[in-house]
Number of protein chains: 2
Amino acid sequence: MTTLPAYQNIKNHILEAIHNGVWKEGEAIPAEMQLAEQFGVSRMTVNRAMRELTAEQIVTRIQGSGTYVAQQKYQTTLVEIKSIADEIRARGHKHRSELQQLSQSKASDSLKALFELKTKSTLYHSLIVHFENDIPIQVEDRRVNAAIAPDYLKQDFSRITANEYLMMAAPLQGVDYQIEAITAPEHIAALLHISTHEPCLVLHRKTRSMGCVASIATMWHAGTRYRFSGGF
Amino acid sequence: MTTLPAYQNIKNHILEAIHNGVWKEGEAIPAEMQLAEQFGVSRMTVNRAMRELTAEQIVTRIQGSGTYVAQQKYQTTLVEIKSIADEIRARGHKHRSELQQLSQSKASDSLKALFELKTKSTLYHSLIVHFENDIPIQVEDRRVNAAIAPDYLKQDFSRITANEYLMMAAPLQGVDYQIEAITAPEHIAALLHISTHEPCLVLHRKTRSMGCVASIATMWHAGTRYRFSGGF
DNA sequence: TAGTGGTCTAGACCACAGC
DNA sequence: CTGTGGTCTAGACCACTAT
């Protein structure tokens with residue numbers, strides 16, 4: 001093991017302290033001069049460490065004021081299939097899900113087409129509501145190709161999300177998604193605790209594994225409570 | 001416009017040179033010492049500029065060897081800044097745009113913050129409606145940093161979209177976007193020919209060039225007429 | 001060996017926030 | 001006013017590459 005550069009050690013120290021809750025969201029971090037003394041290093045070295053943490057959105061710096069632990073951002077990157085549970089926990093909030101439906105059936109004509117199937121094979125269907133601090137944040141309506149994930153019905157969806165299980169069950173090959181803004185049908189609106197004329201942010205996502213369509217999901221979010229974001 | 005820090009000027013110089021083809025992919029860039037002399041700054045200042053360009057994947061550095069222009073990366077279709085005009089024409093439909101407003105003003109306090117400006121510099125404002133086969137498909141409300149695109153007001157937006165002009169005017173460094181579903185305010189709803197309680201798919205996008213925020217745009221779409229899509 | 005980037009120092013001046 | 005971060009300097013030593 002090579003010894004790490006001083007600025008990297010400082011970054012690691014700060015990251016661990018934030019992770020361990022020593023400094024919480026919005027709280028101030030010691031000044032550059034103070035950290036320089038503490039680590040026995042020049043101010044420029046601390047400055048580099050902090051500048052990089054700023055670029056990584058770990059901290060926020062205000063000239064003349066100080067350095068603060070950044071607020072966790074509401075963020076979903078669309079390329080990555082993130083677990084909504086992780087996303088919520090990363091914000092320091094509580095995630096909980098409720099399984100509303102779980103069933104299996106032969107594909108209908110329209111589903112057969114969507115799954116690009118030649119025969120009416122078996123599909124699983126799950127309807128799950130995800131909560132952030134007990135507020136419904138996402139309704140996930142998912143159809144799964146039984147051939148790809150034969151044990152889907154046996155999962156405990158309070159322990160593992162549908163997404164997490166599918167990622168484990170089969171290597172992801174590709175993703176297609178569409179995003180639209182529409183009003184929710186009644187049963188979805190009821191699950192999200194919104195009225196039927198409130199706008200919803202809807203993500204349709206089709207994943208592929210082993211050369212087949214593995215799952216097709218529709219994720220409904222209350223427009224006022226959720227947004228997608230990203231960048232580079 | 002405030003004078004930029006020296007390291008930022010160096011970055012801009014390098015970026016322009018690459019943009020203009022002075023140095024091509026894989027070619028070597030002058031050494032730190034050489035650039036330091038050329039710009040009349042210390043080596044550390046050049047080092048910072050080059051380190052940031054490395055982080056942005058503009059150049060590749062090899063210790064003991066030199067600094068080279070990085071291979072152009074594949075822009076994942078997700079963040080790709082598409083011209084809505086091209087997108088519509090690609091569907092074989094007719095594109096037309098109407099310029100509703102074009103003005104300039106000093107940044108308000110809130111815009112100053114959004115543009116990460118230190119002073120209330122000049123911003124341009126345009127409001128453009130894009131039509132697909134004479135149906136309004138997008139309302140584009142855009143603020144532009146005058147320092148980055150001084151000729152913005154002189155453009156003929158029926159010939160070139162705001163986006164196309166900005167891409168030409170300055171090399172794009174970064175993008176941040178957010179997508180949400182909300183109802184439109186009255187004046188937007190009127191331009192889109194929808195009622196004020198219909199859901200809209202809204203894309204907020206902030207682009208960066210030359211180390212500054214170049215433009216902030218809000219694009220409104222009728223939820224029933226537009227969706228984002230992508231995949232890999 | 002000479003030249004490159006990687007890191008670091010011990011100062012410095014400035015703009016800004018908060019008292 | 002003091003303390004903060006933002007920037008910059010003119011050196012330095014090191015690890016590495018290329019010749």
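To find a chain, count down the sequence lines: A is the first, B the second, and so on, and within it residues start at 1.
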Does [N] have its OP1 or OP2 closer than 4.0 Å to a side-chain nitrogen or oxygen of [X]?
X	N	answer
Tyr7(B)	dC8(D)	no
Thr45(A)	dT9(C)	yes
Arg48(B)	dC8(D)	no
Arg51(A)	dG6(D)	no

Nearest-angstrom distance from the residue atom [atom1] of [X] to [atom2] of [N]:
X	N	atom1	atom2	result
Asn47(B)	dT9(C)	CG	P	14 Å
Lys118(B)	dC16(C)	NZ	P	6 Å
Glu32(A)	dC8(D)	CD	P	15 Å
Ile10(B)	dT7(D)	CD1	P	13 Å
Leu35(B)	dG5(C)	CG	P	8 Å
Met50(A)	dC8(C)	CE	P	16 Å
Leu53(A)	dG6(D)	CG	P	12 Å
Leu117(B)	dC16(C)	CG	P	13 Å

message: Between the side chains of Glu198(B) and Arg225(B), is the shortest nitrogen-to-carboxylate-oxygen separation below 4.0 Å, so that they form an ion pair?
response: no

- request: Verify whether one side chain among Tyr124(B) and Ser215(B) offers a donor that lies under 3.5 Å from an acceptor in the other.
  value: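 There is no such pair (donor and acceptor under 3.5 Å, judged by atom type) between the side chains of Tyr124(B) and Ser215(B).
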
message: Could you check whether Glu132(B) and His95(B), counting side-chain N and O atoms only, form a donor-acceptor pair closer than 3.5 Å?
response: no

statement: Contact string for nucleotides 11-19 of chain D, one letter per nucleotide 5' to 3', B = base within protein heavy-atom range under 4.0 Å, S = sugar-phosphate only, - = neither, reads BB--BBB--

message: I need the full list of ring pair (Phe, Tyr, Trp, His ring centres under 6.0 Å) pairs touching residues 196-218 of chain B, with sequence neighbours left out, sorted by first then second residue.
response: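 Sorted pair list comes back empty.
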
message: Please enumerate all residues that pass salt bridge (Lys or Arg N to Asp or Glu O under 4.0 Å) together with Glu52(B), with sequence neighbours excluded.
response: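 Salt bridge (Lys or Arg N to Asp or Glu O under 4.0 Å) list for Glu52(B), sorted by chain: Lys11(B), Arg48(B).
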
query: Taking the nucleotide of DNA chain C with the closest heavy atom to each, which residue, Gly40(A) or Ala31(B), is nearer the 5' end?
result: Ala31(B)

query: Once the angle between the rings of His221(B) and Tyr226(B) is folded into 0 to 90°, is it parallel (under 30°), tilted (30 to 60°) or perpendicular (over 60°)?
result: parallel

field: Residue pair Leu191(B) / Pro136(B): nearest heavy atoms and the distance that separates them
entry: O-CB, 3.4 Å

